[in-house]
Every structure is written in C-alpha cells, then in structure tokens.
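Report on one structure; see the data block that follows.
Computation of the quantities below employed the complete heavy-atom set of this structure, encompassing side-chain atoms and omitting hydrogens, waters and symmetry-equivalent molecules. Fair warning: this is a prediction, and the values are worked out from it, not measured in the lab.
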Amino acid sequence: MNKRKIYYMLNNGKNFKLKYYAQNYIRLATPKVLFRKRLKSVLDKAAKRDDYEYIQQRVDYCNRLTIDGFDRKQWETKAVALSQQPMTRQKVYFFDSFEYSRWFPQDLRWVLLPGDVNYIADVPSIVKSRPIEGDNANSVLLNMDKVRHFLFVNDKKPWREKRDVAIFRGDLGSRKANRDVFMERWFGDPMIDAGMTNNEGRPEWKREKLTIGEHLDYKFIMSLEGHDVASNLKWVMSSNSIAVSPRLTCETWFMEGQLKPNYHYIEVKDDFSDLTDRMQYYIEHPDEAEAIIEHAHEWVAQFQDARRERIISLLVLQKYFNTTNPKP
C-alpha cells in the first residue's frame, strides 16, 4: 500500500465505521421492552414541544401514506413482522431501521427496502431514498445508511480564500451516466479538477481519491447523483464551499426535494454546458455565493438536533404502522 492510500485511510474525514458497528451491536443486545415502555411517554412529551408543528411537517413529508392510498392485499403478501425482519445484505439498513423499530410491538409488520432506491415502491415500504417526482407516497423515508450519508464538517476556510475551481472525485459506471457526461465535457479544463476513482471510464481520467479536507480548498464541489442521491451533498452544504449539481431527481431524509436551486446549491444544465459560466458568475458576485452558503448552513442545521430527529423518526414509523397494520 502506497503512502497516499495510507494517508487517505487515516485522514479521509468520513465517519468511523468501527464505532458505528460497535454501537449497533450493543443496541441489538439491549432488551427491546425497555424502549417499548418509553414510547408513549416520549411522544406525549414531544407533542408539548414548541416546535411540534415543524416536527409534524417533517413527518408528513417523509411519510405521505393514507389509509386508502395503497393495495392492502399486495402489501400483506410482502410485509414481515418486525421480529422476523432478517439482517439485510448491507447491514446499515437493518441497524438504522432497528434503532427505531425496536420501540414498537414486534408483531407489527412492515416492508423494508434496503439499498439505493431510485424507483417508487409498489407497496408501502421503508426506504432510504425515493424519486422526487411522481406519487411517491408508498416510499416512506427513514434515515438509513447515515454513517455514509449524514456527515457534516466544520469548515473554517472562508469561501473567498478558496480556489476558483470546481472539484470532482467519484466513481463512474453504467448506473451513473450523468458522471460520464460530465467527464466527457470537462475533463482537463483549467477551471475543473475532475477525476474518476474507479476503473469504469477512460484510463486518463483516473485520479487518487481526495480527503474531505482536501475538497474544502475549492470554491465549488460537484455533487453528482449516482444510483440515487449524491452521497457528498450533506457535508458539502455544511461547508464553506458550494454544491453544484443538475436538477435533483432523488431525495432522502435530507429532503432534497425541498432544496431551492441557486438558493441552497448552484444548479447547472443536465449536459453541464453552462458549468463554467455559472462558476464565473459567482466568482464575480461573491456576496451572492456567500448567501447560498448561508442558506445551505441553515438547511443543514435543522438535522443536527439529535433528540428531535429521534422523535421525527419514531413518528414516521408510528404513522406507517397506524396506516398499514389492521387494528385489532
């Protein structure tokens, strides 16, 4: 292993997965009854909070299910009891849903769809991601794979001191065609530092991975969707750089569907043809660029209250179970 790979492993800036797995195996061993006894008290107290209206808005955004809005018989053929939920192939989906499902009676049934879901579920399902457009009510959002996706940074470098360049590092592949379009158009341009980190494109496109800290030297960070959402969007919006992306098509717990182009991030055309023009505009109008950064920070802040996030998650699941599971 070369020095660069060792440096990246030690300094990439991502969440520490060993700690994450240790915490979750401890959760798995903790008796669920302790949480089921507390559920009513926690939610009763939540209803008295000053921000309860905001909480309900978040719940209703993530969970749009209605009693008569789905095929119950079809759902019943796919639903399993919480007590029978198998460990998913990617364990993060099991662990992140179990964190909240353990608060509920284990005979309640659900459908858990792990992985990058870029389609609308055919029955009411718990998902990490869903399309923004269309009737996506069957796709109920829960914050899953958060060890990878929900990462924020403390960026102390002001925007005006960063390089007048856009940075991109990421995988390419058949399910990420937009990234190939981007690389074809802008690789080698002096305003774009672009590189692929796998072997799915031209050999000359290959570059070493950069740490999150190294990304923060650039004014603009490309946030390009892959299988579903761009995994870097959250930390980019918490930084003093600006996320750049075509119109977003998928959303997660971060509610990307509510983000406003050129208010929370810079939007470019799907073919990226206006990218350098958009960059140059904000380089010449730094006050407008810094306003986007401020708006992005405001958006990120709403997800940083851990207690409130837990309440919202529990209410999302309560609404799911109340809607799908027949009353005794």
Side-chain angles (χ1 to χ4, degrees), residues 1-25 90-92 95-96 116 128 143-173 176 179 182-183 186-188 190-201 203-245 252-254 265 279 289 293 296-297 299-301 303-304 306:
M1 186 178 293
N2 62 38
K3 291 182 179 180
R4 173 63 201 179
K5 288 185 178 180
I6 294 173
Y7 176 82
Y8 179 83
M9 286 176 59
L10 296 175
N11 298 279
N12 58 50
K14 298 179 180 180
N15 287 321
F16 188 39
K17 289 191 175 182
L18 184 60
K19 178 182 177 182
Y20 167 84
Y21 283 110
Q23 289 175 333
N24 278 282
Y25 277 109
Q90 295 170 281
K91 292 182 176 66
V92 291
F95 286 138
D96 290 345
D116 299 331
K128 178 202 77 178
N143 193 2
M144 296 190 288
D145 198 9
K146 55 191 173 189
V147 70
R148 177 168 178 254
H149 283 265
F150 260 74
L151 170 66
F152 303 118
V153 298
N154 180 19
D155 184 4
K156 297 180 179 179
K157 191 168 190 176
W159 188 81
R160 298 185 193 220
E161 295 180 11
K162 299 178 184 238
R163 295 180 60 188
D164 294 344
V165 174
I167 181 71
F168 170 75
R169 290 292 185 276
D171 289 353
L172 274 63
K176 303 177 181 182
R179 299 183 180 189
F182 168 79
M183 291 295 293
W186 290 111
F187 179 77
M191 289 187 71
I192 316 293
D193 184 345
M196 69 174 184
T197 53
N198 61 348
N199 297 308
E200 296 295 324
E204 65 267 26
W205 291 352
K206 186 70 179 288
R207 294 290 184 273
E208 295 280 0
K209 293 181 178 180
L210 296 181
T211 67
I212 288 176
E214 289 168 331
H215 279 78
L216 301 182
D217 288 331
Y218 296 78
K219 281 187 166 76
F220 308 97
I221 301 177
M222 303 305 300
S223 187
L224 305 184
E225 292 182 332
H227 297 166
D228 53 13
V229 297
S231 60
N232 70 347
L233 181 61
K234 286 89 167 171
W235 66 255
V236 176
M237 286 182 57
S238 71
S239 76
N240 293 328
S241 300
I242 303 179
V244 182
S245 173
T252 65
W253 188 257
F254 197 59
Y265 69 97
M279 291 169 57
I293 294 168
H297 289 179
W299 187 263
V300 166
F303 301 96
Q304 295 181 310

Q: Go through the structure and list residues passing salt bridge (charged side-chain N to carboxylate O under 4.0 Å, His left out) with D145, not counting sequence neighbours.
A: none
Q) Who are the side-chain hydrogen bond (donor to acceptor under 3.5 Å, both in side chains) partners of N11, not counting sequence neighbours? A) none
Q: For G195 and R207, work out which heavy atoms get closest and say how close.
A: CA-CG, 3.6 Å
(Q) Holding to side-chain hydrogen bond (donor to acceptor under 3.5 Å, both in side chains), I want the full list of residues that pass it with D228, two or more places apart in sequence or in another chain. (A) K128, S129
Q | Separation between CE of M196 and CZ of F168, rounded to the nearest 0.5 Å | A | 10.5 Å
Q) What residues, two or more places apart in sequence or in another chain, satisfy side chain to side chain contact (heavy atoms under 4.5 Å, CB included) together with V300? A) F152, M237, S238, F254, Q304
Q. Tell me, do N15 and Y20 make a side-chain contact under 4.5 Å, heavy atoms counted?
A. no
Q | By side chain to side chain contact (heavy atoms under 4.5 Å, CB included) - contacts of E200 (at least two apart) | A | L172, N198
Q.
If the condition is side-chain hydrogen bond (donor to acceptor under 3.5 Å, both in side chains), which residues does W253 pass it with, not counting sequence neighbours?
A. E309
**Q.** Pairwise distance CG(N143) to OG1(T252) - rounded to 0.5 angstrom
**A.** 7.0 Å
Q. Can you check whether N199 reaches K206 side chain to side chain, under 4.5 Å on heavy atoms?
A. yes
Q.
Please verify the inter-ring angle class for W205 with F187; under 30° counts as parallel, over 60° as perpendicular, anything in between as tilted.
A. tilted
Q. W235 and L216: which non-hydrogen atoms are nearest, and at how many Å?
A. CZ3-CD2, 4.0 Å
(Q) Could you check whether any side-chain N or O of S223 sits under 3.5 Å from a backbone N or O of S245, counting only pairs where one atom can act as donor and the other as acceptor? (A) no
Q. Roughly how far, to the nearest 0.5 Å, is the CD1 atom of I212 from the CG atom of N232?
A. 8.5 Å
Q: Taking ring-ring contact (aromatic ring centres under 6.0 Å, His included) as the test, write out the residues that go with Y265, two or more places apart.
A: none
Q. Is the shortest heavy-atom distance from the side chain of F182 to the side chain of I192 under 4.5 Å?
A. yes
Q | N240: partners by side chain to side chain contact (heavy atoms under 4.5 Å, CB included), with sequence neighbours left out | A | D155, K162, I293, H297
Q | W159 CH2 to F220 CZ distance, which is reported to the nearest 0.5 Å | A | 4.5 Å
Q. Just how far is it from atom CG of L233 to atom CE of M222, taken to the nearest 0.5 Å?
A. 12.0 Å
Q) Under the side-chain hydrogen bond (donor to acceptor under 3.5 Å, both in side chains) test, which residues partner S239, sequence neighbours left out? A) none
**Q.** NZ/NE/NH1/NH2 to OD/OE distance under 4.0 Å, R169 and D193
**A.** yes
Q: Any chance you could measure I167, atom CD1, to L210, atom CG, to the nearest 0.5 Å?
A: 5.0 Å
Q) Among pairs that include at least one residue of residues 209-221, which meet salt bridge (Lys or Arg N to Asp or Glu O under 4.0 Å), considering only residues two or more places apart or in two chains? A) R4-E214, K157-D217, D164-K219
Q) What are the two closest heavy atoms between R148 and S231, and how far apart are they? A) NH2-OG, 3.7 Å
**Q.** Qualifying residues under salt bridge (charged side-chain N to carboxylate O under 4.0 Å, His left out), relative to E161, sequence neighbours excluded
**A.** none
Q.
Test of understanding: with salt bridge (charged side-chain N to carboxylate O under 4.0 Å, His left out), list the residues that count as partners of R160, not counting sequence neighbours.
A. D287, E290
